[in-house]
Structure formats: structure tokens, C-alpha cells
Amino acid sequence: MTQKIIVTGGCGYIGSHTTVALQQAGFNVVIFDNLVNSSADVITGITQITGISPEFEQIDCTDLTAIRDAFSRHRDAAGVIHFAALKAVGESVSKPTEYYRNNLVSLLNVLDMMVAFNIPNIVFSSSATVYGDADNLPVREDTPLKPATSPYGQTKVIGESIIRDAVAAHPGLNSCLLRYFNPIGAHPSGLIGESPSGIPNNLLPYITQTAAGIRECLSVFGDDYDTPDGFCIRDYIDVNDLAAAHLSALRYMISHPTGTDVFNLGTGRGVSVMELIKTFEQATGQKLNYKITARRPGDIPAIWADPSRAERLLGWRARVPLSDTLLSAWRWQTKSMKK
């Protein structure tokens with residue numbers, strides 16, 4: 001029998017690509033999304049890619065009555081992949097209570113409904129922000145967690161603790177906590193991609209919008225970090241590789257129902273902001289207008305993953321070359337401008 005998976009935040013950037021991966025692997029997907037930071041139009045792109053239209057429930061996961069009704073309609077689900085959250089680091093600093101309320105109440109409601117309806121598996125969208133400014137690189141899953149540098153990061157730290165405690169309290173409930181690094185790129189078809197509302201919070205959409213002339217200039221925050229070229233270093237992972245990891249984690253959890261597990265999802269290679277800019281220019285032939293500005297509060301100098309545990313246990317590793325990822329993002333940008 002085909003298994004059903006609930007994807008909260010499934011109209012969002014990572015959620016939509018994961019929905020594609022799930023459908024192409026033969027799962028039935030039902031999306032829960034309140035469309036605050038996304039659009040139902042993405043369902044059209046998902047359907048064009050897979051030939052299957054996912055079921056869609058427009059609900060807010062912080063609304064307990066609404067989510068109880070939705071879960072009661074989908075009590076046959078084999079698992080939940082929980083993306084639904086506010087995610088802008090800078091905004092979380094200025095709106096901390098909004099981030100705590102949204103990100104934690106939605107998770108609590110999802111877990112309560114999973115227990116109520118005996119849905120056994122949750123894959124949680126966590127983040128490398130839980131490591132803070134790590135002492136040793138690359139970070140492994142057993143790297144000590146340092147204080148989060150933003151309320152957003154703190155919601156992920158607290159969210160992981162909530163899930164661990166819920167799993168410990170409820171035999172039969174299992175979780176995979178996926179700590180991902182810096183997702184970038186788009187589906188190779190150019191039919192779905194990262195579509196931030198307003199000014200982008202992430203680097204690559206700002207790069208593509210600057211290349212497209214939507215933004216006048218790209219600001220690069222700081223060139224005096226203690227790194228080889230002075231620029232911040234991050235682990236940029238293709239969103240399609242990330243989607244495949246969620247599929248692998250779900251399958252692993254279904255076949256190894258052993259409580260809580262945690263995995264780093266990254267390439268294992270640090271790339272500086274300037275290296276990303278230069279690789280984008282080489283891959284696309286687009287010259288970027290950028291300027292060096294002051295450091296941004298909360299930015300750590302460098303972080304990248306040791307993803308070997310995910311490769312060993314999930315059989316997963318990042319495969320898409322950086323230049324291909326940057327081309328897919330540019331393809332998505334140019335295609336979305338023609339709509």
C-alpha cells in the first residue's frame with residue numbers, strides 16, 4: 001500500500017522540493033501550509049514536474065483546532081516532515097516572541113496530534129545554527145552545541161529538545177533531526193525554486209536578483225574574518241540533495257524505529273562568500289555588481305559539516321556540483337521573471 005506523508009510548510013522552498021522527491025519515490029503527499037511565506041502556485045510547479053498534484057490543506061499549524069481537524073482527516077499517514085516555521089535570522093532578532101510562538105507552538109501541536117492519531121515518524125527541519133560558533137571544524141553530530149546567536153536558532157535548539165522528550169515519553173514515536181547547512185539552488189527544470197518575499201534574507205537569491213537587475217548592488221558583509229580570503233565560509237548544499245536526504249531519513253526511520261537520531265546535511269566543504277560569487281559569475285556568465293560593507297551582527301566566521309554519519313547510515317551524500325546548483329538558481333530566476 002502506498003504510504004501517506006504529511007509535509008508541513010510544503011509550499012515553501014525546501015518543502016516543495018522534498019514533496020517532489022517524495023512523490024517521485026511513490027509516496028502520497030498532503031501539504032499543510034498557511035501560505036504566509038509561500039504561494040499555492042508552487043503546487044502547479046510540483047504537478048508539472050511529477051505529474052501528480054499533492055493534496056493541499058491551507059491551515060496554520062499554530063491553530064490547534066484546525067490542525068486537529070486536518071490530522072483527523074489524515075490519520076492514516078505514516079509520518080510527518082515538519083518544515084513549517086519562520087526562518088529569517090535577522091527578523092527573529094527584532095521579533096523574538098513571534099518566532100518563539102510560531103515555531104514552537106506549531107511543533108507542539110504537530111507532536112500532540114501525532115501522538116493522538118498514532119502517527120509514528122517525524123522528520124524535523126533543524127539547522128546548523130544549533131552549533132553556534134563551533135570551536136572545531138568541521139562540525140559533527142556530537143559537536144557540543146553553543147548558545148544560538150539568534151532567536152531563530154534558539155527555536156531549533158528548543159525544538160530538538162522538545163522532540164527528544166516527546167519521543168522518550170511516547171514509545172512508538174520516532175524522530176530524525178536533520179541539521180542542514182546552507183540550502184541553495186532550484187529544481188533543474190526551473191519550475192520551482194527559492195522565492196523570497198521582499199528583500200531576500202539568503203545570499204543566493206540576492207545574487208540572482210542582483211544579476212537580473214532587480215537589486216542594484218549586492219552587499220558583502222565583511223572581508224576581515226579569520227578565514228583564508230577574509231570572507232565568511234559556509235557549507236552550501238543543493239536543495240535537491242537536501243530533499244533526497246529527507247526521503248532517505250524517512251525510509252531509514254520507518255525501517256529502524258529506534259527513537260531519536262540526528263544527522264548533519266552538508267557537502268563537507270566550506271565555500272567562502274567571495275568564492276560563491278566568483279563561481280556564480282563563471283557558471284552563468286553574469287557579472288555581479290557588489291560592494292564590501294561592514295560585518296553583520298550574529299554572523300560567525302566559518303562553519304561546515306562533517307556529513308559522514310548520514311552517508312554511513314542513510315546511504316546519502318551531496319552529489320550536485322556547485323556550478324550546477326548556481327546554474328539552476330539562475331535558471332529559476334530568469335524563468336520566474338517571465339511569468
Side-chain angles (χ1 to χ4, degrees), residues 1-63 66-85 87 106 109-110 113-114 117 119 121-125 178 183 185-197 205 238-251 253-254 320 328-329 331-339:
M1 189 174 97
T2 301
Q3 291 177 303
K4 178 189 288 186
I5 305 299
I6 296 168
V7 180
T8 71
C11 289
Y13 175 44
I14 303 170
S16 59
H17 288 79
T18 300
T19 296
V20 166
L22 289 167
Q23 290 190 160
Q24 289 179 331
F27 288 92
N28 284 340
V29 176
V30 55
I31 290 172
F32 292 180
D33 204 305
N34 64 2
L35 303 180
V36 166
N37 284 325
S38 58
S39 169
D41 292 345
V42 76
I43 294 173
T44 302
I46 292 169
T47 305
Q48 287 177 314
I49 293 167
T50 66
I52 304 165
S53 182
E55 193 171 347
F56 174 58
E57 300 260 12
Q58 185 172 347
I59 61 167
D60 189 325
C61 290
T62 63
D63 183 335
I67 201 168
R68 181 182 289 114
D69 290 344
F71 266 90
S72 70
R73 290 189 291 274
H74 302 288
R75 62 179 68 220
D76 57 332
V80 176
I81 301 182
H82 184 57
F83 295 106
K87 64 173 187 174
S106 62
N109 286 347
V110 166
M113 293 305 100
M114 290 179 67
F117 293 102
I119 297 173
N121 303 299
I122 182 168
V123 179
F124 179 60
S125 167
L178 302 185
H187 193 269
S189 66
L191 291 168
I192 58 173
E194 188 170 9
S195 186
S197 55
D238 187 281
V239 68
N240 301 284
D241 279 335
L242 195 58
H246 288 77
L247 177 62
S248 296
L250 183 68
R251 285 172 163 163
M253 192 166 37
I254 290 171
V320 182
S328 72
R331 186 179 303 117
W332 159 250
Q333 179 68 63
T334 54
K335 206 162 190 170
S336 61
M337 289 171 64
K338 295 174 183 175
K339 292 181 180 177

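Scope of the values below: all heavy atoms of this structure, side chains included, with no hydrogens, waters or symmetry mates. Model, not experiment: these values are computed from the prediction.
Taken to the nearest 0.5 Å, the CD1 atom of Ile52 stands 12.5 Å off from the CZ atom of Phe27. In this structure, Asp63 CG and Arg68 CZ are separated by 10.0 Å, a value rounded to the nearest 0.5 Å. Atoms NZ and CD1, on Lys335 and Ile192 in that order, are 11.5 Å from each other to the nearest 0.5 Å. Here His74 contributes atom NE2 and Glu55 contributes atom CD; the two are 4.0 Å apart, rounded to the nearest 0.5 Å. One distance of note links CD1 of Ile31 with CD1 of Ile81; it measures 11.0 Å at 0.5 Å rounding. Here OG of Ser336 is found 11.5 Å from CD of Glu194. Values are rounded to the nearest 0.5 Å.
Here the closest non-hydrogen pair linking Leu35 and Asp33 is N-OD1, 2.7 Å. In plain terms, the two heavy atoms of Met113 and Ile67 that are nearest each other are CG-CG2, 4.0 Å. Considering all non-hydrogen atoms of both residues, Ala186 and Gly193 come closest at CB-CA, 3.8 Å. Contact between Asn121 and Ala78 at its shortest, heavy atoms only, is ND2-O, 3.0 Å. The shortest heavy-atom contact between Cys61 and Val110 is SG-CG2, 4.5 Å. A pairwise comparison of heavy atoms in Ile59 and Ala70 identifies CD1-CB, 3.6 Å as the closest pair.
Within the 3.5 Å criterion, the main-chain N or O of His17 finds no donor-acceptor partner in the side chain of Asn240. In this structure, Thr18 contributes its side chain and Gly15 its backbone to no donor-acceptor pair below 3.5 Å. Between the side chain of Thr2 and the backbone N or O of Asn28, no donor-acceptor pair lies under 3.5 Å. Within the 3.5 Å criterion, the main-chain N or O of Ser72 finds a donor-acceptor partner in the side chain of Arg75.
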Could you go through Gln3 and Ile254, starting from their C-alpha distance and side-chain angles, then the distance that decides it, and tell me whether this counts as side chain to side chain contact (heavy atoms under 4.5 Å, CB included)? CA-CA 11 Å; Gln3 291 177 303; Ile254 290 171; 3.9 Å; yes

The test is side chain to side chain contact (heavy atoms under 4.5 Å, CB included); show your working for Val20 and His187 and say whether it passes. CA-CA 9 Å; Val20 166; His187 193 269; 4.2 Å; yes

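Side chains of Leu22 and Leu250 form a contact here, defined as non-hydrogen atoms less than 4.5 Å apart. Residues Ile122 and Met114 meet the side-chain proximity criterion, which asks for heavy atoms closer than 4.5 Å. Lys87 is not listed as a side-chain neighbour of Asn37, based on a closest heavy-atom distance of 4.5 Å or more. Contact of the Ile14 side chain with the His246 side chain is registered, since non-hydrogen atoms from C-beta on lie closer than 4.5 Å.
Using the six-membered ring where Trp is involved, His82 and Phe124 have ring planes that are parallel, under 30° apart on the 30 and 60° scheme. Aromatic ring orientation, Phe71 versus Phe117: parallel (interplanar angle below 30°, classes split at 30° and 60°).
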For residues 41-49, which side-chain donor-acceptor pairs fall under 3.5 Å, sequence neighbours excluded?
residue	atom	partner	partner atom	Å
Asp41	OD2	Ser39	OG	3.4
Thr47	OG1	Ile43	O	2.7

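Of the candidates Ser195, Pro205, Pro183, Tyr13 forms a side chain to side chain contact (heavy atoms under 4.5 Å, CB included) with just one, namely Pro183.
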